[in-house]
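Down below is the structure, laid out as structure tokens.
First the proteins, then the strands, lettered A, B, ... as listed; each starts at 1.
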Number of protein chains: 2
Amino acid sequence: MRKKNQHDHTADQSLPKLGVRPYLDLMEKTASSDTNKHSAYMGLLMVWLSDNILDVVDVDLAAYNITESKFDLLLLLTLHEGKELITPSAIADRLGIRRASVTALLDWLEKRNWISREQSSTDRRMVHVRITTEGRALVEAVLPTFWSTCSSLVSELEPDEQQVFEKVLIKLNSVIENRLGVGK
Amino acid sequence: MRKKNQHDHTADQSLPKLGVRPYLDLMEKTASSDTNKHSAYMGLLMVWLSDNILDVVDVDLAAYNITESKFDLLLLLTLHEGKELITPSAIADRLGIRRASVTALLDWLEKRNWISREQSSTDRRMVHVRITTEGRALVEAVLPTFWSTCSSLVSELEPDEQQVFEKVLIKLNSVIENRLGVGK
DNA sequence: AAAATGAAATTAGATTATCTAACTACATTG
DNA sequence: CAATGTAGTTAGATAATCTAATTTCATTTT
């Protein structure tokens with residue numbers, strides 16, 4: 001998990017903030033000659049930003065005692081609700097994790113009564129997973145904050161920046177999803 | 001940890017890819033009225049992208065049997081090398097985790113001979129942490145790939161997109177670092 | 001200077017999110 | 001109907017975190 005809870009009453013001595021410079025110097029010395037340094041720099045910024053963004057989301061969800069993976073799963077159930085039979089295998093597939101990991105997530109969610117499992121009557125190996133009324137209530141409680149957090153992430157951008165940024169996000173997402181072989 | 005190793009020989013039945021639409025519909029119904037929906041949509045894309053970006057980095061580093069957190073720590077040691085006395089407390093502070101967590105990371109790295117600990121002679125409560133020759137060799141082996149991966153993240157963008165994107169990244173990073181109270 | 005306070009690191013024990021391998025129950029197929 | 005394969009779970013592991021307690025020093029206060 002990526003949890004960062006901050007601050008003991010610590011540390012007299014502390015390390016100065018480095019900023020980006022030393023990373024660039026290091027890159028100068030260690031990047032292969034066929035790597036575009038300016039792109040690499042932007043990539044580095046993106047990695048840092050990604051880390052921070054997920055932290056913000058975690059902090060946000062923590063207030064509801066749920067983590068991103070689990071919330072993701074509830075959202076998935078919400079969105080497929082009524083349309084298709086949702087099994088642990090299908091969930092594993094979609095989330096890109098193993099069935100055993102899904103079992104663990106479901107155990108946790110079921111203990112809190114946010115999902116239910118029911119054996120399929122047509123194929124008794126399979127389990128039908130559903131979000132419960134309580135689960136739905138949780139999702140509905142979380143979503144307004146979640147959307148507002150999402151929105152706050154980009155709210156500082158100027159309209160013209162937003163415009164380009166949207167195109168960029170869509171492009172990068174599609175490139176990277178192909179690369180990883182995933183997709184929401 | 002965010003590890004996603006993909007694919008059992010699984011799942012006959014599978015869930016259709018949803019794409020962005022159902023999320024937007026849900027947002028319509030569940031976002032607070034003072035949330036800018038278009039920004040929220042972009043924020044959502046950013047969260048997805050962040051997830052994927054960290055996965056790419058993980059996959060990359062996995063080849064060297066090291067994870068992002070641990071590599072981060074080695075990088076930190078590399079960049080402060082010789083300049084300041086690096087203690088577990090200072091590391092905890094910088095990484096935004098507890099001292100106890102740092103102890104665990106250091107134990108792991110020390111076992112592999114990538115860092116060393118030495119008691120400070122001036123204040124015997126403190127420990128001086130240093131990257132070893134082997135540690136440095138590892139970092140040097142990883143970095144070329146790492147930079148090239150960073151670069152590959154944005155390489156599909158057009159020059160004009162890159163230009164705006166860079167400004168955006170810098171802005172977002174600074175906004176979010178203020179918000180979280182962190183910084184590299 | 002002895003006692004109290006506080007800081008640095010570690011230890012112990014917990015939780016979350018993963019994994020692999022093995023197992024059980026069932027279904028399909030040859 | 002025996003063999004093979006699939007769905008889900010269990011068991012046991014690792015990683016990254018946490019809190020609380022403990023140890024060892026250093027500093028401050030009386």
Practice task
Examine the side chains of S120(B) and T122(B) and answer whether a donor and an acceptor come within less than 3.5 Å of each other.
Solution key: yes
Problem - Verdict with reasoning, D60(B) to T149(B), per side-chain hydrogen bond (donor to acceptor under 3.5 Å, both in side chains) - result: CA-CA 8 Å; D60(B) 216 60; T149(B) 302; 2.9 Å; yes
Practice task
On DNA chain D, check which nucleotide each of D123(A) and L105(B) is closest to and give me the residue with the more 5' one.
Solution key: D123(A)
Exercise for the section: Take A104(A) and W108(B), find for each the nucleotide of DNA chain D with the closest heavy atom, and name the residue whose nucleotide sits nearer the 5' end. Expected result: A104(A)
So, OP1 or OP2 of [N]: does either fall under 4.0 Å of a side-chain N or O from [X]?
| X | N | answer |
| --- | --- | --- |
| S89(A) | dG8(D) | yes |
| T67(B) | dA16(D) | yes |
| R98(B) | dT19(D) | yes |

Can you measure [X] atom [atom1] to [N] atom [atom2] for me and round it to whole angstrom units?
| X | N | atom1 | atom2 | result |
| --- | --- | --- | --- | --- |
| H128(A) | dG8(D) | NE2 | P | 11 Å |
| D107(A) | dA17(C) | CG | P | 13 Å |
| L54(B) | dA17(C) | CG | P | 16 Å |
| E118(B) | dA8(C) | CD | P | 18 Å |
| M126(A) | dG5(D) | CE | P | 17 Å |
| I91(B) | dA9(C) | CD1 | C1' | 12 Å |
| D55(B) | dC19(C) | CG | P | 11 Å |
| E68(B) | dA15(D) | CD | C1' | 14 Å |

Practice task
Remember a base hit wins even if backbone is also touched, and classify S101(B) as base, sugar-phosphate or nothing at under 4.0 Å, heavy atoms.
Solution key: base
Handout entry: Sugar-phosphate, base or nothing in reach of T103(A), heavy atoms under 4.0 Å
Key = base
Exercise for the section: Evaluate whether atom CD of E81(B) has more than 12 neighbouring non-hydrogen atoms of other residues, nucleotides or ligands under 6.0 angstrom away. Expected result: yes
Practice task
Compare the minimum distances between each of dC19(C), dA9(C), dC18(D) and the side chain of I97(B), then state the nucleotide with the smallest one.
Solution key: dC18(D)
Exercise for the section: Specify the residue among K70(A) and L106(B) whose closest nucleotide of DNA chain C lies further upstream toward the 5′ end. Expected result: L106(B)
Practice task
On DNA chain C, check which nucleotide each of I86(B) and S121(A) is closest to and give me the residue with the more 5' one.
Solution key: I86(B)
Exercise for the section: Starting at CD1 of I86(B), measure out to CG of L79(B) and round the result to the nearest 0.5 Å. Expected result: 9.0 Å
Below 3.5 Å, can you tabulate the donor-acceptor pairs from side chains in residues 174-181 of chain A to any protein atom, sequence neighbours excluded?
unit_1	atom_1	unit_2	atom_2	d
S174(A)	OG	K171(A)	O	3.4
N178(A)	ND2	S174(A)	O	3.4
R179(A)	NH1	S152(B)	OG	2.9
R179(A)	NH2	S152(B)	OG	3.3

Could you list the protein-to-nucleotides 20-24 of chain D atom pairs, N/O on both sides, closer than 3.5 Å?
none

Handout entry: Ring-ring centroid check F71(A) F146(A), cutoff 6.0 Å
Key = yes
Handout entry: Presence of salt bridge, D25(A) and R21(A), under 4.0 angstrom
Key = yes
Exercise for the section: Give the ring-plane orientation class for F165(B) versus F165(A), where under 30° counts as parallel, over 60° as perpendicular and anything between as tilted. Expected result: parallel
